[in-house]
There are 4 protein chains.
Amino acid sequence: MSITVGIQGASGYTGGELVRLLARDPEVEIKFVTSQRFAGQPMSAIFPHLINGSELVCTPLDDLTAVSDCDVVFCALPHVTSMGVVPELLKRGAKVVDLSADFRLEDAELYQEWYGEAHKAPQLLSEAVYGLPEIGSRDQIKNASLVANPGCYPTSALLALAPLFSNNLVDPESLVIDSKSGTSGAGRSPSQGTLFSEVSEGFRSYKAVGHRHTPEIEQGLSQLCGKKVAVRFSPHLLPQSRGILTTCHIRPVAGKNDEDWQKLFNDFYADEQFVRVLKPGVLPGTNYVRGSNYCHLSVIPDKRSGWLVVVSTIDNLVKGAAGQAVQNMNIMLGRPENAALGQLPLFP
Amino acid sequence: MSITVGIQGASGYTGGELVRLLARDPEVEIKFVTSQRFAGQPMSAIFPHLINGSELVCTPLDDLTAVSDCDVVFCALPHVTSMGVVPELLKRGAKVVDLSADFRLEDAELYQEWYGEAHKAPQLLSEAVYGLPEIGSRDQIKNASLVANPGCYPTSALLALAPLFSNNLVDPESLVIDSKSGTSGAGRSPSQGTLFSEVSEGFRSYKAVGHRHTPEIEQGLSQLCGKKVAVRFSPHLLPQSRGILTTCHIRPVAGKNDEDWQKLFNDFYADEQFVRVLKPGVLPGTNYVRGSNYCHLSVIPDKRSGWLVVVSTIDNLVKGAAGQAVQNMNIMLGRPENAALGQLPLFP
Amino acid sequence: MSITVGIQGASGYTGGELVRLLARDPEVEIKFVTSQRFAGQPMSAIFPHLINGSELVCTPLDDLTAVSDCDVVFCALPHVTSMGVVPELLKRGAKVVDLSADFRLEDAELYQEWYGEAHKAPQLLSEAVYGLPEIGSRDQIKNASLVANPGCYPTSALLALAPLFSNNLVDPESLVIDSKSGTSGAGRSPSQGTLFSEVSEGFRSYKAVGHRHTPEIEQGLSQLCGKKVAVRFSPHLLPQSRGILTTCHIRPVAGKNDEDWQKLFNDFYADEQFVRVLKPGVLPGTNYVRGSNYCHLSVIPDKRSGWLVVVSTIDNLVKGAAGQAVQNMNIMLGRPENAALGQLPLFP
Amino acid sequence: MSITVGIQGASGYTGGELVRLLARDPEVEIKFVTSQRFAGQPMSAIFPHLINGSELVCTPLDDLTAVSDCDVVFCALPHVTSMGVVPELLKRGAKVVDLSADFRLEDAELYQEWYGEAHKAPQLLSEAVYGLPEIGSRDQIKNASLVANPGCYPTSALLALAPLFSNNLVDPESLVIDSKSGTSGAGRSPSQGTLFSEVSEGFRSYKAVGHRHTPEIEQGLSQLCGKKVAVRFSPHLLPQSRGILTTCHIRPVAGKNDEDWQKLFNDFYADEQFVRVLKPGVLPGTNYVRGSNYCHLSVIPDKRSGWLVVVSTIDNLVKGAAGQAVQNMNIMLGRPENAALGQLPLFP
């Protein structure tokens, strides 16, 4: 084994997913896992599905002794907590992939506005690289010490909209992003709102306006099109565990025929192994990407109105979190980008 | 018992729902039920949940002998089939509530354009009354021989948008209607796409543009605002059986503060027992209306963009089909509008 | 309105279900509802599905001022808590239907053995009547001041087995009771184990032996057959909200042909409106009784082994809790047994 | 690539699962896939989750030209169909793993009794090897030309009971096997009974006695204990797609303390990588093995009665079908037994 990693915050769904992906990679050794709630417990007790994959025992969050043995540390901690830990990890020589929101926004004031706390490590914001490889710079990721792993909703929205915004083909004012997420995005902490009895047969709107992923989407789109964009983003909670499906409605500024829209998307992602533009007539479903790092996309022109509907789907825990983090690590370490990410989706 | 009814097409989910609602109404007697696929079979064999509610046996579709004994006949047949049957039902003296799409569009050409068949009874289109009592005319419904019961999606969309369109407070060009429906809307006929294994954990987009309910929504909105409206309507399939939740995104033409938008909706539905505008901070979920004739609505202003999000939810089989049909029957017969519709929602 | 009731512990699923059933009964007035966690909050905020049904606001558990205005108080509190409250309710003149386990076991020592606490009101155990009307004594229920409402699993098991045990037709030593319950039985308090993400697609065994309902089933069967019975009872957790299905496997002591077993069950429940023995070839499903007070039963002889399989299903929140409590109240007050319980099951 | 395989019947869930497992194995090349319903269509159109995994196009069932290029052919056809095809496959020189029931029962008369058809290739029954490696003979599998891949229910039941029966520690007369399966076991053909609307929130008993897997379980147990065993086996349908959980209730013939029962199971499976005996206090759940070839087992002694409960769980499409077929192939070809089966379970 040539690669050593650690996982901060291993007892949440994202942490468990990192272990699932990495435990069977022959080149990777997980040196440590931490958990505040479950320190002292083995991963196999916290996650029975890992019984056959991991002998690791969680250490407390503040036990950083093993960090210096690691090439990369994944930080799967809650926001605010994460920015308190990351500087120390970097100081000890590890590269960091941070899965929280703490280093995604470049603007510390914007962070404070949306997350309600002053940023604790603003000096790192300029060096943190936003790690959405398909629409960012792989060179920057490769050379980064700190990668901010994108949010699940922003990943799905930005992949859907990048071909349009990067070419300035649409009117940002018209954009509506209507997203639907499974319950695993809400985490594993007990709460009434995500009990099975509350969610089953109970699709609901949960944050019709003002979700914290809004500024992250706006930052990404603004960079793509080169001007400041404000978006309407409305998420919903699905009666299923995994998966995000995002439906974008937008008005083009120039006419194209259907084939040209399709070709635009095909060309944009022609070299991307994890993004798949579906053929006309096939539409995305969350269960066609479940458990995998794939994103499926459809672009559907509405002949009557001239608008476009773009639908994307990802597994929120994989391409929307742990899988993308591994993808970023692979880039940072110069490995094949799909190392540890080779699994096909699990259907049904 | 003073009211006699018949049900054409009783073996689908909507037919079963009509029996569920009416079987326990002491004033109503169901004189006959028909089914093409299950003629000769008792309703209790077709629907085990009705074992305790109905001794009825299905007769063939074309056995119309009992029609003349009925005050009202519910037609829960597929579109196209229905318009072949309705004229004969009327001729035999029954009032008809038609749950298909066949008499909803006032324009026979528009029907042909969207449903692919020439209308077989265009002479009835002008006398058919669109039966959405909360935004139409109860007097017209009361005097109608033929009521076209609205589609499930149009019911959810029109109730959400009526306060805005009837007062011309919004820009129709900006409107996006993003809807999500449970599988019962797809009916009870076997199909691969609605198998449990295909739907569970598998939210998907299924008709991103061009759904047949589009012209019905457009007709309703156009009548409300007095000018021709074209809409963008995009439905999705939920991993749950019952329920529709519709999220409308729209730009107001005049500014109002948050309280005023809330008050607009409160006032608009102040006298309506089946439509409930939720308090600010509470958002609709399908499981809060399940099994009932209620519609829950929220209007959420987005301070940043000035747009509005309006979210509505109904049970597609009740307010979106059988319940609304009973409501229409009640109006036609001068009964209390909530007769047979008194059940509270079933949660969880 | 002629009947006044109160509900202790109204913010759990069972409490919400009592309100759902009683709110629309024109003869019943709910005078008060209490909740420890949600005192001061309206029921419509705790349960959005009750927005259209109840204006009640929860008072604290220990506010008993309204008890003396009530004919009947339903106690939907956790076990142990309940036995601390019930004596005071009786003292204030109310009849009590207790939905906890506290007054179900006649033997205070047995209670202590299984629930880990000394019984606080042992003097009431002899006067408490076990309220399973179909297999107990309606006269006793009618004259009782305190009815112990049966557990959900015991209701399903005892209804399945009563025709066999009351006639001593089976070998108790051979009995296996394998039960499956929806998550609503685990209550509404937040817990990791009943989160949607943990339960969906995740059927599991959760208490393979030693579940607390075991002695309650044993007590019931022993009384039916007149000798002491010990049972093997093994419950499982279903990925659904409502419903219990119990499969009993047992060896008869005397041969009968298939028709005779069916007739035995048919005859035993011939006069019972809430228990329905299904025809041969039809098997119970939880969704055929959902939301209703019905129990569906099948008895299936296994020709090869000579054993019997008896399958029963109920809605755990209705016939397994709130519905049966209302049924008991109806008997206590001399009302029709199905008052407020007339709803047909909700399917799908 | 050194191994070439073909898949007969690739458009069902089991066929899709074989492709999922094998498509990413660098040593395996899939030479052909067949489908009756979908001949001429690409696997990626039949199964959108395979878009990124397979360029294969289905040929008709009777196109056997590529068989001679294959080391192994998997037959994932319906029973009866399979036995018409297998002899020809063998004749053309391929080793065959048959996933149907056609070669599992050693006795052709027993086959006819349970499957209603005379066996078409009885001469192959003696050479077919029952491929449950953990309790059979790996040598026999290694040397077989034809392996009969076990049924999903029998796999779960036999793995649960083998430690007890192979040591004659229990009374077979007392045994009850109560199984619960997800809907994928019912296949992908459209049918009313497995529609989402019929299954969600609708756990049901579907074949209380007389399921065709009964004689297969009996054959296996009889071989383990050396005497003829008859079993009571009762399956149920779960509202989930994947997973089988089997609960076995049985009376031991000799007393042991709890630790000894646990040790018996630990020892029996000590060398097996795919069977994991859980620690006392941990119970199986289907979601802890989903998507993997693992079987989780618990043995729980009931102190009060002296009986044992043994609970096992597998993914019905993996260890219960495609995964076990690949495991058998690996043994037949002398590969590491876990080749292509290394994935950890997908949770949540």
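None of these values were measured; they are calculated from a predicted model. Residue numbers start from 1 in every chain, and the chains themselves are labelled A, B, ... in the order their sequence lines are given, proteins ahead of strands.
With chain A as partner, the option from G243(B), S197(B), P239(B) having the largest number of non-hydrogen pairs under 4.5 angstrom is P239(B). Between chain B and the residues S298(A), S234(A), S241(A), the largest count of heavy-atom pairs under 4.5 Å involves S241(A). Of the residues considered (E201(B), E198(B), R204(B)), E201(B) shows the highest number of contacts with chain A, using heavy-atom pairs under 4.5 Å. Here L238(B) is the residue among V289(B), L238(B), L195(B) with the most heavy-atom pairs under 4.5 Å with chain A. Of the listed residues (D302(B), D178(B), L237(B)), the greatest number of heavy-atom pairs within a distance under 4.5 Å of chain A belongs to D178(B). Contact count against chain B (heavy-atom pairs under 4.5 Å) is highest for A208(A) among A230(A), P301(A), A208(A), G182(A). The greatest number of non-hydrogen atom pairs below 4.5 Å with chain B, out of V231(A), V176(A), V309(A), is found for V176(A). Interface summary for chain B: among G202(A), G285(A), P348(A), S305(A), the most heavy-atom pairs under 4.5 angstrom belong to G202(A). Of the listed residues G210(A), S174(A), P284(A), the one with more heavy-atom pairs under 4.5 angstrom with chain B than any other is P284(A). Among T214(A), L283(A), V199(A), the residue with the largest count of heavy-atom pairs under 4.5 Å with chain B is L283(A).
Proximity of the aromatic rings of F233(A) and H213(A) is defined here by a centroid distance below 6.0 angstrom, and this criterion is not met.
Residue K303(B): no heavy atom, backbone or side chain, is found under 4.5 Å from chain A. For chain A, no part of R251(B) is nearby; none of its heavy atoms comes within less than 4.5 Å. Using a 4.5 Å cut-off between heavy atoms, I300(B) touches chain A through backbone and side chain atoms alike. Contacts of T313(B) with chain A are absent, with no heavy-atom separation under 4.5 Å from either backbone or side chain. Looking at S200(A), the atoms closer than 4.5 Å to chain B (heavy atoms on both sides) all sit in the backbone: N, CA, C or O.
Using bins of under 30°, 30° to 60° and over 60° for the plane-to-plane angle, the ring pair Y115(B)/Y111(B) lands in the parallel bin. Ring-plane geometry between Y288(B) and F347(B) is classed as tilted, the angle between the planes lying from 30 to 60 degrees on a 0 to 90 degree scale.
Not one N or O on the side chain of D171(A) forms a donor-acceptor pair closer than 3.5 Å with the backbone of V253(A). Between the side chain of R290(B) and the main chain of L346(B), a donor-acceptor pair closer than 3.5 Å is present. Checking side-chain atoms of R242(A) against main-chain N and O of N316(A) turns up no donor-acceptor pair under 3.5 Å.
Within the 4.5 Å cutoff, no side-chain heavy atoms of D107(A) are placed close to those of Q219(A). Contact of the P215(A) side chain with the L110(A) side chain is registered, since non-hydrogen atoms from C-beta on lie closer than 4.5 Å.
T247(A) and K180(A) form a side-chain donor-acceptor contact under 3.5 Å, judged by distance and modelled atom types alone.
Residue E173(B) places its CD atom among 12 or fewer non-hydrogen atoms of other residues, nucleotides or ligands, all under 6.0 Å distant.
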